[in-house]
Amino acid sequence: MKFRPLHDRVLVKRVDSDQKTAGGIIIPDTAQEKPMEGEVLEVGSGARDETGKLVHLDVKKGDKILFGKWSGTEVKMNGDDFLIMKESDIMGIITSGKKKK
């Protein structure tokens, strides 16, 4: 099944969180917090401003993002869990620390 979000919404897949602490203690699934980091899988076409002009989204497919703990709506498609959220729920894009020359 394919899914394309509408307007200023994005489809996000959460990244897997660590199953162990730094000391090697395994954390059970019931005690783990859901990660607030994910990868953008699909983006909508953008929102319209007051004049009706299309404003494209800042995020794009493949971006690694940070979002709020309670952001988005959880959905299950093809047996996998995803989040659908508005671009305004995204706090930022994670980039590599390498500087361009």
Side-chain angles (χ1 to χ4, degrees):
M1 173 174 24
K2 294 275 296 174
F3 179 82
R4 184 179 59 91
L6 299 176
H7 309 295
D8 64 339
R9 290 180 176 81
V10 296
L11 179 68
V12 176
K13 174 82 171 164
R14 287 186 197 264
V15 296
D16 293 329
S17 60
D18 291 335
Q19 302 288 328
K20 279 194 227 180
T21 65
I25 298 172
I26 297 174
I27 304 169
D29 289 338
T30 55
Q32 288 181 14
E33 284 195 27
K34 292 183 178 179
M36 296 184 303
E37 184 179 329
E39 180 181 354
V40 176
L41 300 178
E42 293 289 335
V43 297
S45 59
R48 301 249 177 218
D49 65 8
E50 297 83 27
T51 63
K53 182 181 172 194
L54 185 65
V55 178
H56 294 284
L57 303 180
D58 287 332
V59 295
K60 62 186 179 305
K61 189 174 178 178
D63 281 348
K64 301 272 191 237
I65 59 167
L66 286 178
F67 50 86
K69 187 181 250 186
W70 309 109
S71 297
T73 302
E74 293 184 357
V75 295
K76 186 173 263 212
M77 291 185 287
N78 298 334
D80 291 323
D81 293 323
F82 299 98
L83 285 169
I84 299 172
M85 65 181 69
K86 289 188 168 233
E87 185 185 37
S88 59
D89 290 338
I90 298 172
M91 292 190 269
I93 301 170
I94 300 169
T95 58
S96 64
K98 298 177 185 175
K99 290 185 179 181
K100 293 182 180 179
K101 292 184 180 181

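Just so we're clear, the structure is a prediction, and the values are computed from it rather than from any experiment.
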Query raised in the report: Is there a path of hydrophobic side-chain contacts, each under 4.5 Å between heavy atoms of I, L, V, M, F, W or Y residues, that connects V40 with I93?
Result: yes
Report task. Report whether M36 and I94 are members of the same hydrophobic cluster (ILVMFWY, side-chain heavy atoms less than 4.5 Å apart, transitive linking). Result -> no
Query raised in the report: Is the backbone N or O of K60 less than 3.5 Å from a side-chain atom of D63, with the two atoms forming a donor-acceptor pair by type?
Result: yes
**Report entry** Note, F82 side chain near M77 side chain (heavy atom, < 4.5 Å)
**Finding:** yes
Requested in this report: Look at the side chain of E87 and the backbone N and O of D58, then say whether any donor-acceptor pair between them is shorter than 3.5 Å.
Outcome: yes
Query raised in the report: Would a distance-only check, ignoring hydrogens and angles, find a side-chain to backbone donor-acceptor pair under 3.5 Å from D49 to T51?
Result: yes
**Report entry** Nearest heavy atoms of P5 and R9, plus distance in Å
**Finding:** CB-O, 3.4 Å
Query raised in the report: Can you name the nearest heavy-atom pair linking L83 to E74, along with the distance?
Result: CD2-CG, 3.4 Å
Query raised in the report: How far apart are the closest heavy atoms of L57 and G44, and which atoms are they?
Result: CD1-O, 3.8 Å
Query raised in the report: Do the non-hydrogen side-chain atoms of R14 and D81 ever get within less than 4.5 Å of each other?
Result: no
Query - Minimum heavy-atom distance D89-G72, with the two atoms named - result: OD2-N, 3.9 Å
Report summary line: What one should report as the nearest heavy-atom pair of F3 and L11 is CD2-CD2, 3.9 Å
